Amino acid sequence: MNFIVILLHQFEEYGWPGGEPAILNRVLKSSPTPSHYPLNQNTAMVTNVLVSYLFYLLPIFFPETLWLGLPPILFGLAQFVVHGIVIPKKLGQFYNPGLAAVVLGHIPLALYYIYHIHSTGVVTARDWLFAILYLALFIVVIMSKMTFSWLADKASPYAFDDEEMKKFNVGEKLARLKK
């Protein structure tokens, strides 16, 4: 279920209504070249497909290893901080692409998963420790360093096209905030 929710989350961010590249590069990072820095098509593909799929699919292949299943669940909960608090504050409106998947998918699934593993007594302190360490490693190394440092390129040939950057009318929303 969690893998399905992340697919819906990514579709909401990049497909319909889309606009995540503009939100990330213009709103969160204030990039002077938002069509390709720091997020570009290459960094988005590596982060959202290669890395994310591995992160979310490993628990499917190793379902008895709870410390592999907990980090994606906790990451889904943490998405509310970005989509429910940070972006709305900076964009001047509550809804943003990704929020519906967080509220309707990630949060309910996480609450049920955590309730289930505790009520059945299958989770241990060791699982929580490894899960938190793994999640921290994922957020710091993959989400922060790899996406916004190692793969970010001011001269990237993998720019998002104008149509993608206009989704969700991010430019218009930012202009209204400046007035």
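It should be emphasised that the depicted structure is a prediction, and the values quoted were computed from it without experimental measurement. Here, residue 1 is the first one in the sequence, and each next residue gets the next number.
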Open item on the list: Could you walk me through whether Glu20 and His9 satisfy the side-chain hydrogen bond (donor to acceptor under 3.5 Å, both in side chains) test, starting with their C-alpha distance in whole Å, then the side-chain angles of each, then the deciding distance to 0.1 Å, before giving a yes or no?
Closed with: CA-CA 11 Å; Glu20 184 66 14; His9 183 104; over 6 Å; no

Which heavy atom of [X] sits nearest a heavy atom of [Y], and at what distance?
X: Ala152; Y: Phe148; answer: CB-O, 3.6 Å
X: Gly76; Y: Val102; answer: O-CG1, 4.2 Å
X: Leu174; Y: Arg26; answer: CD1-CB, 3.9 Å
X: Ala110; Y: Leu77; answer: CB-CG, 3.5 Å
X: Tyr56; Y: Asn2; answer: CE2-ND2, 3.3 Å

Does [Y] offer a backbone N or O that forms a donor-acceptor pair with the side chain of [X] under 3.5 Å?
X: Thr47; Y: Thr147; value: no
X: Thr43; Y: Asn40; value: yes
X: Asn169; Y: Glu172; value: no
X: Lys167; Y: Gly15; value: yes
X: Lys89; Y: Phe94; value: no

ILVMFWY network linking [X] to [Y], side-chain heavy atoms under 4.5 angstrom:
X: Ile73; Y: Val82; answer: yes
X: Tyr95; Y: Ile107; answer: yes
X: Val86; Y: Leu91; answer: yes
X: Val140; Y: Leu50; answer: no
X: Tyr134; Y: Phe75; answer: yes

Open item on the list: Using 30° and 60° as the class boundaries, would you call the ring planes of Tyr112 and His116 parallel, tilted or perpendicular?
Closed with: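 Tyr112 vs His116 ring planes: parallel.
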
- [ ] Please work out whether the ring planes of Phe138 and Phe55 are parallel, tilted or perpendicular, with thresholds of 30° and 60°.
- [x]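 Aromatic pair Phe138/Phe55 classed parallel.
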
To the nearest 0.5 Å, what is the distance between [atom1] ([X]) and [atom2] ([Y])?
X: Phe61; Y: Leu54; atom1: CZ; atom2: CG; value: 9.5 Å
X: Leu111; Y: His106; atom1: CG; atom2: NE2; value: 13.0 Å
X: Ile142; Y: Leu151; atom1: CD1; atom2: CG; value: 9.5 Å
X: Leu109; Y: Ile114; atom1: CG; atom2: CD1; value: 9.5 Å
X: Trp67; Y: Asp127; atom1: CH2; atom2: CG; value: 9.5 Å
X: Ile23; Y: Asn96; atom1: CD1; atom2: CG; value: 5.5 Å

Side chains of [X] and [Y]: does their closest heavy-atom pair fall under 4.5 Å?
X: Ile6; Y: Tyr53; value: no
X: Pro88; Y: Gln93; value: no
X: Leu24; Y: Lys29; value: yes
X: Pro17; Y: Glu12; value: yes
X: Ser144; Y: Ser149; value: no
X: Val141; Y: Trp150; value: yes
X: Val170; Y: Lys173; value: no
X: Tyr113; Y: Leu66; value: yes

Task: Stepwise side-chain hydrogen bond (donor to acceptor under 3.5 Å, both in side chains) check, Tyr14 with Asn48 - done: CA-CA 10 Å; Tyr14 291 89; Asn48 288 306; 3.1 Å; yes

- [ ] Tell me, with the steps shown, if Phe130 and Thr124 meet side-chain contact (heavy atoms from CB on, under 4.5 Å).
- [x] CA-CA 10 Å; Phe130 285 177; Thr124 66; over 6 Å; no

Show me, pair by pair, the donor-acceptor contacts under 3.5 angstrom made by side chains of residues 32-39, not counting sequence neighbours?
{"unit_1": "His36", "atom_1": "NE2", "unit_2": "Lys154", "atom_2": "O", "d": "2.8"}

